[in-house]
Amino acid sequence: MPTGAAPIRQLDPHAVDELTATAQKILADFGSSAARPELLRKIAASAARLDETIRHHCRPVDTDDGLFVLRGLPVDDGGIGPTPASWATAGDSAAEWDVILLLLATAMGHPIAWEGQQEGRFVHNIVPSPGHEQEQTGASSTVLLSPHTEDAFHPGRAHLLLLACMRNHDAIATTAAGIRKVRLDADDVALLSRPVLPILPDDAYAEAQGFAGGEPPKVPVLWQTENGPTLRYDPAYTPLDEAPADYRAAYDRLTAELERMSVAVALEPGDVLVVDNDLVVHGRVPFQARYDGTDRWLKRASVRVPGRRSRPLAEADEHGYGQTALVAHL
């Protein structure tokens, strides 16, 4: 698996100063990074005034890699405090970065949150948590986090995913693979373009897993747009044993191709990985957490891009397992 093969967009010192000063001013005015309506309005107004250089760096993903790393923002390892023991205890840890991430997300579209995940927060803390080591969620550690589309079970999932690195002393890699770099024959593409299986809610959505308001909708894994193929993929939560043998074989070949094209990106503190959630599946290599305040720590924001038409129209009829997305700036 190649390491570090991701396009870099380097912020210059002026852009870094503008982002950090803007975030510090907002945080000083509001006293907390908790996303109240008035805070989100201030972030929206401030993002609209960001320098054109920053806005250019926040332009859409423009290569078949389907991702890029925004680099140049500083992180004070001592100043941010220890890595939280879980998202639930993180509170306002590294709050300035919550605001920075929301400024960047707002420059790219509309940040979203989920009522059923991390108490509806717009910025999530991704840290290893005791007792969750083997789960297929961001709280795991010793297990490979399988490549997946973020929130693949839901029709309102993000178009873009932002992962900001607070701490990564052990150079633990995020994995990523783009659908536009794989090789599949026409028969496999045709099979995987049919709505054969559902994608079920993952373990971060306990309420959705108990949803009784309708049958799980069957969804295609692949579909074509005018710009090329896109995908919706989460094998850990797809009941593949319910599919015909030829479909399972095609799915396995897609999985093998994504593995072949996967890159491992070891984020450095201050890096912001931006992933197009329609083009790229992402995961994480296993690691051994210490739970001593020095473990890997990422912050995550999800973004919908207004006016983007990259998904099948049939998604509008899905129930989303009763989960509601909260959309900033609407």
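Numbering of residues begins at 1 and proceeds along the displayed sequence. Note that these values count all heavy atoms, side chains included, but never hydrogens, waters or copies made by symmetry. What you see is a predicted model, and the numbers here were worked out from it, not measured in a lab.
Proximity of a side-chain donor or acceptor of Ser262 to a complementary backbone N or O of Ala177 within less than 3.5 Å is not detected. Under a 3.5 Å cut-off, the side chain of Arg309 and the backbone N or O of Thr225 do not form any donor-acceptor pair. Listed for the Arg300 side chain is no donor-acceptor partner under 3.5 Å among the backbone atoms of Asn125. Distance alone, capped at 3.5 Å, is enough to place a donor-acceptor pair between the Arg167 side chain and the Asp77 backbone. Side-chain atoms of Gln136 come within 3.5 Å of backbone atoms of Ser146 as a donor-acceptor pair (strictly under, hydrogens ignored). Proximity of a side-chain donor or acceptor of Arg59 to a complementary backbone N or O of His56 within less than 3.5 Å is detected. At least one donor-acceptor pair closer than 3.5 Å links the side chain of Asn277 to the backbone N or O of Glu150. A donor-acceptor pair under 3.5 Å links the side-chain atoms of Tyr237 to the main chain of Asp203, judged by distance alone. Remark: the backbone N or O of Leu326 is not paired with any side-chain donor or acceptor of Glu115 at under 3.5 angstrom. A donor-acceptor distance shorter than 3.5 angstrom exists from the side chain of Asp12 to the backbone of Ala15, with no hydrogens or angles considered.
Hydrophobic clustering (side-chain heavy atoms under 4.5 Å, transitive across Ile, Leu, Val, Met, Phe, Trp, Tyr) keeps Leu298 apart from Leu73. Connection of Ile8 to Leu161 is established within a shared hydrophobic cluster, with ILVMFWY side chains joined at heavy-atom distances below 4.5 Å, either directly or through further cluster members. No continuous path of hydrophobic side-chain contacts links Val327 to Val123 [ILVMFWY only; heavy atoms under 4.5 Å]. Put simply, Ile100 and Leu163 are part of two different groups of oily side chains (I, L, V, M, F, W, Y) that touch within less than 4.5 Å, one to the next. Neither Leu104 nor Leu267 shares a network with the other; the hydrophobic side chains, linked directly or stepwise wherever heavy atoms of I, L, V, M, F, W or Y lie under 4.5 Å apart, form separate groups for each.
Within 6.0 Å of CD in Glu207 there are 12 or fewer heavy atoms belonging to other residues, nucleotides or ligands. Within 6.0 Å of the CD atom in Glu215, the count of heavy atoms belonging to other residues, nucleotides or ligands does not exceed 12.
Contact detail for Pro74 and Val16: the closest heavy-atom pair is CD-CG1, 3.6 Å. Nearest heavy-atom pair across Ala34 and Leu39 is O-CD2, 3.1 Å. Closest approach of Trp297 and Pro82 over heavy atoms only: CZ3-O, 3.8 Å.
Under the 4.5 Å side-chain criterion, counting only non-hydrogen atoms from C-beta, Trp97 is in contact with Val75. Inter-residue side-chain proximity for Ile80 and Met166 is flagged as met; some heavy-atom pair is nearer than 4.5 Å.
Note: Asp276 CG to Asp65 CG = 11.5 Å, rounded to the nearest 0.5 Å. Note that OG1 of Thr53 and CG of Leu11 are 9.5 Å apart. Values are rounded to the nearest 0.5 Å. Rounding to the nearest 0.5 Å places CD1 of Ile126 at 12.5 Å from OG1 of Thr83. Leu145 contributes atom CG, which lies 5.0 Å from atom OG of Ser140 (distance to the nearest 0.5 angstrom). Separation of atoms CG (Leu254) and CZ (Arg183) is listed at 13.5 Å; rounding is to 0.5 Å. Taking OG1 of Thr238 as the start and NE2 of His148 as the end, the distance is 11.5 Å to the nearest 0.5 Å.
Between His319 and Phe211, the ring center distance clears the sub-6.0 Å criterion.
Under the salt bridge (charged side-chain N to carboxylate O under 4.0 Å, His left out) criterion, the residue pairs touching residues 241-253 are Asp188-Arg253, with sequence neighbours excluded.
At a threshold of 4.0 Å, the pair Asp151-Arg232 does not count as salt-bridged, since none of the basic side-chain nitrogens sits closer than that to a carboxylate oxygen. Taking the charged nitrogens against the carboxylate oxygens, Lys181 and Asp64 have no contact shorter than 4.0 Å, which rules out a salt bridge. Remark: Arg296 does not engage Asp170 in a salt bridge, criterion side-chain N to carboxylate O under 4.0 Å. At a threshold of 4.0 Å, the pair Asp51-Arg55 does not count as salt-bridged, since none of the basic side-chain nitrogens sits closer than that to a carboxylate oxygen.
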**Request:** Check the pair Arg157 / His154 against side chain to side chain donor-acceptor pair (under 3.5 Å), numbers first and verdict last.
**Result:** CA-CA 6 Å; Arg157 63 197 178 278; His154 202 283; over 6 Å; no
**Request:** Check the pair Ser141, Arg284 against side chain to side chain donor-acceptor pair (under 3.5 Å), reporting the backbone distance first and the verdict last.
**Result:** CA-CA 9 Å; Ser141 51; Arg284 189 215 62 242; over 6 Å; no
**Stepwise side chain to side chain donor-acceptor pair (under 3.5 Å) test for Asp92 and Ser33** = CA-CA 6 Å; Asp92 256 0; Ser33 63; 2.7 Å; yes
**Message:** Between Asp278 and Ser310, does the side chain to side chain donor-acceptor pair (under 3.5 Å) criterion hold? Intermediate values first, please.
**Reply:** CA-CA 8 Å; Asp278 287 332; Ser310 57; 2.6 Å; yes
**Request:** Using the side chain to side chain contact (heavy atoms under 4.5 Å, CB included) rule, take Leu160 and Val275 through it: C-alpha gap first, then chi angles, then the decisive distance, then the call.
**Result:** CA-CA 6 Å; Leu160 302 174; Val275 174; over 6 Å; no
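Remark: Gln288 engages no residue in a side-chain hydrogen bond (donor to acceptor under 3.5 Å, both in side chains) (not counting sequence neighbours).
The residue from Trp223, Tyr251, Phe153 that alone fulfils the ring-ring contact (aromatic ring centres under 6.0 Å, His included) condition with Tyr233 is Tyr251.
At a cut-off of 3.5 Å, with distance as the only test, no side-chain donor of Gln323 or Tyr205 sits close to an acceptor on the other residue.
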